[in-house]
S.K.: 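Here you go, one structure.
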Amino acid sequence: MAEVRTISMDNTIPDTRVELCGITMDNPVIPASGTFGYGYEFAELYDINCLGTFSFKGTTGEPRFGNETPRIAECPSGMLNAVGLQNPGVDKVISEELPRLAAVFSKPVMANVSGFSVEEYVRVTEKLAAQDMVGWLEINISCPNVHGGGMSFGTDPCMAGEVVSAVRKVTDKPLIIKLSPNVTNIAEIARSCEAAGADGISLINTLMGMRLNLRTRKPIIANVTGGYSGPAVFPVALRMVYQVYDAVKIPIVGMGGISSAEDVLEMMMAGATAVEVGAANLVDPYVCRTIIEELPVTMERYGIRSLREIIGAAH
Amino acid sequence: MKQVILTITENTALTPTTWRMKLAGDVSAVTAPGQFIDLRLDGHFLRRPISVNDVEYGTDPDGGDGTVTIIYKVLGHGTEEMTHYLPGRELDVLTGLGNGYDLSDAGEHPLLIGGGVGIPPLYLAARQLMQRVRDGSVKDVTVILGFNSEDEMYYVDEFEELGCRVAVATADGSCGVKGFVTDAFRALVTECGSLCIAEAFGDENDPDSEPEYVRYTHFFTCGPEPMLRALYKEVYEEAGISGQMSFEERMGCGFGACMGCSCRTVTGYKRICKDGPVLRTEEILWQK
């Protein structure tokens with residue numbers, strides 16, 4: 001309480017602003033790709049301009065239906081998903097989704113790029129980077145639910161570096177590389193991305209897992225395996241963010257199980273400059289707004305005047 | 001969609017595995033039969049989507065004094081947990097999810113077909129259609145209910161009390177027609193010529209009255225997928241009656257954000273939770 005009173009007497013509001021790759025955000029809270037669509041479902045509920053930004057649904061070169069259903073299974077404190085990058089393809093995203101997105105969100109948005117070849121990553125990145133509303137590009141080399149692309153780029157330092165070098169050539173906008181936790185040495189992959197020209201690292205994507213149906217004796221998810229997310233993975237994500245912070249100088253977007261303002265502070269102390277909130281959006285559609293509203297009072301509780309001062313404080 | 005806190009006012013077993021729960025509060029977001037609500041349960045990460053069985057809006061202009069009824073089958077840990085909830089408990093609920101049935105296509109002689117745990121949403125549809133019978137825009141409402149056996153039966157009396165004509169099928173023949181809802185459908189209809197599927201209506205109080213043959217105008221259904229496939233073939237393709245089918249799928253969010261419950265349709269990809277759960281027979285593309 002003493003701390004709270006001191007800060008209140010100063011009559012200053014805790015500063016939630018952060019700078020991510022040269023762009024200042026009002027707060028570090030970013031709904032994660034694949035849990036927020038293109039924003040309109042949530043814009044029906046509240047003004048999503050309160051967000052730091054959001055990362056829209058992963059986009060590929062061609063339209064994709066994704067995996068067969070069931071795509072979802074519940075787990076203790078989390079869930080498995082194997083959506084498989086369902087999206088209308090980059091051209092329709094630009095012609096149909098982004099104009100609708102622009103009607104409900106006026107800040108720079110984060111475009112999430114996926115692919116099955118280096119050429120596809122380059123093509124999608126180039127097209128999305130040319131859109132004015134796109135502030136950052138998050139290059140997803142870590143989707144565990146597709147075959148022949150996605151995670152296979154993010155589990156090998158050389159291939160990760162190859163993708164980053166290639167997309168680096170087609171845009172000057174900030175490139176944030178989204179990494180998979182399904183690796184032995186996350187620091188090595190992060191360093192490879194930094195050396196190849198990445199402006200930031202985001203992690204973690206989901207952890208590969210599976211569940212069985214005891215009645216059918218078969219996997220619940222049609223794709224057999226899915227990605228585990230939710231509060232259960234928070235300690236794993238925090239550990240990896242901590243390790244990557246030691247390995248690279250570029251900023252980190254931390255994610256994995258974040259569902260409260262306190263989780264945000266903890267992830268930032270581990271080394272994150274900003275955070276993404278994923279699975280929690282699916283259970284509580286207001287969770288990002290709630291976190292943003294609770295950030296100042298939570299900061300006061302821990303004597304934090306500015307979020308920028310706690311980035312990597314645990315090191 | 002609206003996120004609200006609802007208070008349980010009733011939670012009772014209708015059969016050993018089927019329970020009815022009534023929840024009081026702001027239910028104003030529920031606008032059509034066939035919609036569902038999504039309940040957050042302690043100790044479970046994902047919400048539980050359950051179809052609306054009935055809704056009463058109350059008199060408060062802000063909608064705060066309504067009641068929504070759900071009927072759920074105990075299938076896993078979540079629904080088992082729900083059976084222990086007592087009246088007075090408050091639940092975090094997303095309300096008014098999904099498109100629901102469009103009753104404006106019912107025509108004069110709608111047919112409602114429900115199987116097992118798919119029966120509950122048809123009750124609100126039947127109640128609203130019976131109001132249209134009183135208005136005169138609908139002439140009669142026929143309901144076919146399918147169960148595994150007599151001891152799993154529920155809500156037959158409730159549909160009859162609404163004034164619907166009710167036919168029952170049980171898989172083991174312990175009540176009504178032995179077999180599936182399609183067997184009950186065949187038992188109801190009589191072929192007249194090559195095209196006309198008709199049903200005999202007579203005046204029950206006048207044994208000399210001539211039966212009137214009418215063609216079902218539209219059907220509304222909900223139930224397990226094998227049942228929906230069979231109805232699609234027999235009622236839509238063979239008898240030529242268009243309908244609306246409510247589908248079930250494992251969901252992540254329940255409001256269209258996660259693409260966890262997508263399906264292919266004639267008009268493109270749809271999300272069962274947001275663009276469905278009700279699809280029209282004309283747009284359904286069966287997989288496999």
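In what follows, every chain begins at residue 1, and chains take the letters A, B, ... in the order their sequences are listed.
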S.K.: When you check the gap from the basic side-chain N to the acidic O, do K22(B) and E56(B) get nearer than 4.0 Å?
M.R.: no
S.K.: Checking K2(B) against chain A: side chain, backbone, both or neither under 4.5 Å from a heavy atom?
M.R.: neither
S.K.: Under 4.5 Å heavy-atom distance to chain B, tell me which part of E44(A) shows up: side chain, backbone, both or neither.
M.R.: side chain
S.K.: Side chain, backbone, both or neither: which part of Y269(B) has a non-hydrogen atom closer than 4.5 Å to chain A?
M.R.: side chain
S.K.: Counting only non-hydrogen atoms closer than 4.5 Å, does N281(A) touch chain B with its backbone (N, CA, C, O), its side chain (CB onward), both, or neither?
M.R.: backbone
S.K.: For the residue pair F247(B) and W286(B), categorise the inter-ring angle as parallel (less than 30°), tilted (30 to 60°) or perpendicular (more than 60°).
M.R.: tilted
S.K.: Before we go on, tell me: are the rings of Y38(A) and F105(A) under 6.0 Å apart, centre to centre?
M.R.: no
S.K.: Output yes when E41(A) and R271(B) qualify as a salt bridge under the 4.0 Å nitrogen-oxygen rule, no when they do not.
M.R.: yes
S.K.: Determine the option with the most heavy-atom pairs under 4.5 angstrom with chain A, choosing from G252(B), G254(B), G256(B), S262(B).
M.R.: S262(B)
S.K.: Quick check on A232(A) against chain B: is it the side chain, the backbone, both or neither that has a heavy atom closer than 4.5 Å?
M.R.: neither
S.K.: Please report whether the ring centroid of Y236(B) lies less than 6.0 Å from that of F219(B).
M.R.: no
S.K.: What part of P63(A) is in contact with chain B, defined as an atom under 4.5 angstrom from a non-hydrogen atom: side chain, backbone, both or neither?
M.R.: neither
S.K.: Using heavy-atom distances under 4.5 Å, tell me whether H77(B) contacts chain A through its side chain, its backbone, both, or neither.
M.R.: neither
S.K.: Is the shortest side-chain N to carboxylate O distance from R264(B) to E68(A) below 4.0 Å?
M.R.: yes
S.K.: Need one label for L94(B): side chain, backbone, both or neither, based on atoms under 4.5 Å from any heavy atom in chain A.
M.R.: side chain
S.K.: Got a donor-acceptor contact below 3.5 angstrom from the N49(A) side chain to the S106(A) backbone?
M.R.: yes
S.K.: At a heavy-atom separation under 4.5 Å, does F65(A) approach chain B through its side chain, its backbone, both, or neither?
M.R.: both
S.K.: Between T35(A), I72(A), N87(A), I220(A), which shows the greatest number of heavy-atom pairs under 4.5 Å with chain B?
M.R.: I72(A)
S.K.: Top residue by heavy-atom pair count (under 4.5 Å) with chain A, among G76(B), G43(B), C263(B), G268(B)?
M.R.: C263(B)
S.K.: Using the side chain to side chain donor-acceptor pair (under 3.5 Å) rule, take E150(B) and T170(B) through it: C-alpha gap first, then chi angles, then the decisive distance, then the call.
M.R.: CA-CA 7 Å; E150(B) 186 171 18; T170(B) 52; over 6 Å; no
S.K.: What part of R40(B) gets within 4.5 angstrom of chain A, counting heavy atoms only: side chain, backbone, both, or neither?
M.R.: side chain
S.K.: Should the pair R289(A)-E293(A) be classified as a salt bridge under the 4.0 Å nitrogen-to-oxygen rule?
M.R.: yes
S.K.: Could you tell me which portion of M1(B) (side chain, backbone, both or neither) has an atom closer than 4.5 angstrom to a non-hydrogen atom of chain A?
M.R.: both
